[in-house]
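For reference, the structure discussed in these notes is given below.
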Protein chains: 2
Amino acid sequence: MSTKSKRNLSGCPIDYALSVLGDRWSLIIVRDLAIRGAKTYAELLDGWEGISTNILAQRMRHLESNGIVEKRKNPANWRSSIYELTPKGRDLAPVLAEIILWGGAYNESDSPKNEAYDTVKSDRAKFEAAIRENDEIAQ
Amino acid sequence: MSTKSKRNLSGCPIDYALSVLGDRWSLIIVRDLAIRGAKTYAELLDGWEGISTNILAQRMRHLESNGIVEKRKNPANWRSSIYELTPKGRDLAPVLAEIILWGGAYNESDSPKNEAYDTVKSDRAKFEAAIRENDEIAQ
DNA sequence: CTGGATCCCAATAGATACTG
DNA sequence: CAGTATCTATTGGGATCCAG
């Protein structure tokens, strides 16, 4: 098992980013935490795409060990945990912004309704600030 | 087989981008075309990370069918083909830029020597313009 | 109940050898 | 040079099980 980082041989910053986020699910999870306001395992499971439990658990471990997310106890409900982005994770805001702009420009299908997707286009600084401050602009 | 797009159920622009680029290699290939000046299959094979031949062939087909790259004959050498980014592919420049900035900020290892990585930091517009114009700032 | 772990099985990714 | 063929390894979905 081992949370061995998927190897970043070249030292290239893109390769490094891919070693942390370069799979089909990690960035979806970041998106759910950053702009959909998901906070718990159950909320992450119940996303738009339907990740399975084993993959989610594995990715959360990977993201945690790479300093993207942090897990803490929910003070309001001791049975539940709260996941949140670290500053390193929140620094992905500009990456998310550019991906949303590119994906929005070339994807034919309609985006799901989410204020954030409009915000990126109309006021990108606001979008990024919201993620950085962990304010919810979401859903 | 089939170059079936890896499914973009949710319509989310991020999910769309991931359906095209969300694996360990596609963005590496885009990087090699955009900033390392690779143009042929052999040059792509001979990158910093060492992709294997079957994966490269498969990804090139996927990228081509998703409108990111274009293949044409090399006018100077009829036995060889030239791959290049389409405008859609070159529009990934801002995404690459943000990834390089993020990866550069958090990756401990030294980046390989490439002018482009310095250019992003010092003059981002120049970096993006170079990719958009298909000028080589590379290696 | 929430947050997983486990198992089974299908589908993909990948290394290496080889070919038109 | 630009791939394909083959074989192995890893990932992923879905159901179920289990611990706090």
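Chain letters run A, B, ... following the sequence lines, proteins first, then strands; residues in each count from 1.
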Taking atom [atom2] of [N] as reference, at what distance in whole Å does atom [atom1] of [X] sit?
X     : N      : atom1 : atom2 : result
A:K39 : C:dT2  : NZ    : C1'   : 17 Å
A:I28 : D:dG13 : CD1   : P     : 11 Å
A:D23 : D:dG12 : CG    : C1'   : 11 Å
A:R72 : C:dT2  : CZ    : P     : 18 Å
A:H62 : D:dG12 : NE2   : P     : 12 Å
B:L56 : C:dA15 : CG    : P     : 12 Å
A:I51 : C:dA5  : CD1   : P     : 13 Å
A:L44 : C:dT2  : CG    : C1'   : 13 Å

Ignoring backbone atoms, test whether [X] places a side-chain nitrogen or oxygen under 4.0 Å from the OP1 or OP2 oxygen of [N].
X     : N      : value
A:W25 : D:dT11 : no
B:R24 : D:dT11 : no
A:R59 : D:dG12 : yes
B:S52 : C:dA15 : yes

Those residues that, when tested against A:E70, pass side chain to side chain donor-acceptor pair (under 3.5 Å) (two or more places apart):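 Side chain to side chain donor-acceptor pair (under 3.5 Å) check on A:E70 returns nothing, list empty.
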Within one Ile-Leu-Val-Met-Phe-Trp-Tyr cluster: A:I14 and B:Y106, side-chain cutoff 4.5 Å: yes
Atom of B:L44, atom of B:I51 and distance for their closest heavy-atom approach: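 Scanning both residues completely, I find the closest heavy atoms to be O-CG2, 4.1 Å.
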For B:T40 against B:S81, the heavy-atom pair lying closest together: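 Scanning both residues completely, I find the closest heavy atoms to be CG2-O, 3.6 Å.
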Side chain B:T86, main chain B:I68, donor-acceptor under 3.5 Å: yes
Intermediate values then yes/no, side chain to side chain contact (heavy atoms under 4.5 Å, CB included), A:Y117 and B:C12: CA-CA 9 Å; A:Y117 299 140; B:C12 168; 3.0 Å; yes
Footprint string (nucleotides 1-6 of chain D, 5' to 3'): B base within contact, S backbone only, - free, heavy atoms under 4.0 Å: -BBBBB
With A:A105 via side chain to side chain contact (heavy atoms under 4.5 Å, CB included) - residues at least two apart: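 In terms of side chain to side chain contact (heavy atoms under 4.5 Å, CB included), with neighbours along the sequence ignored, A:A105 is linked to no residue.
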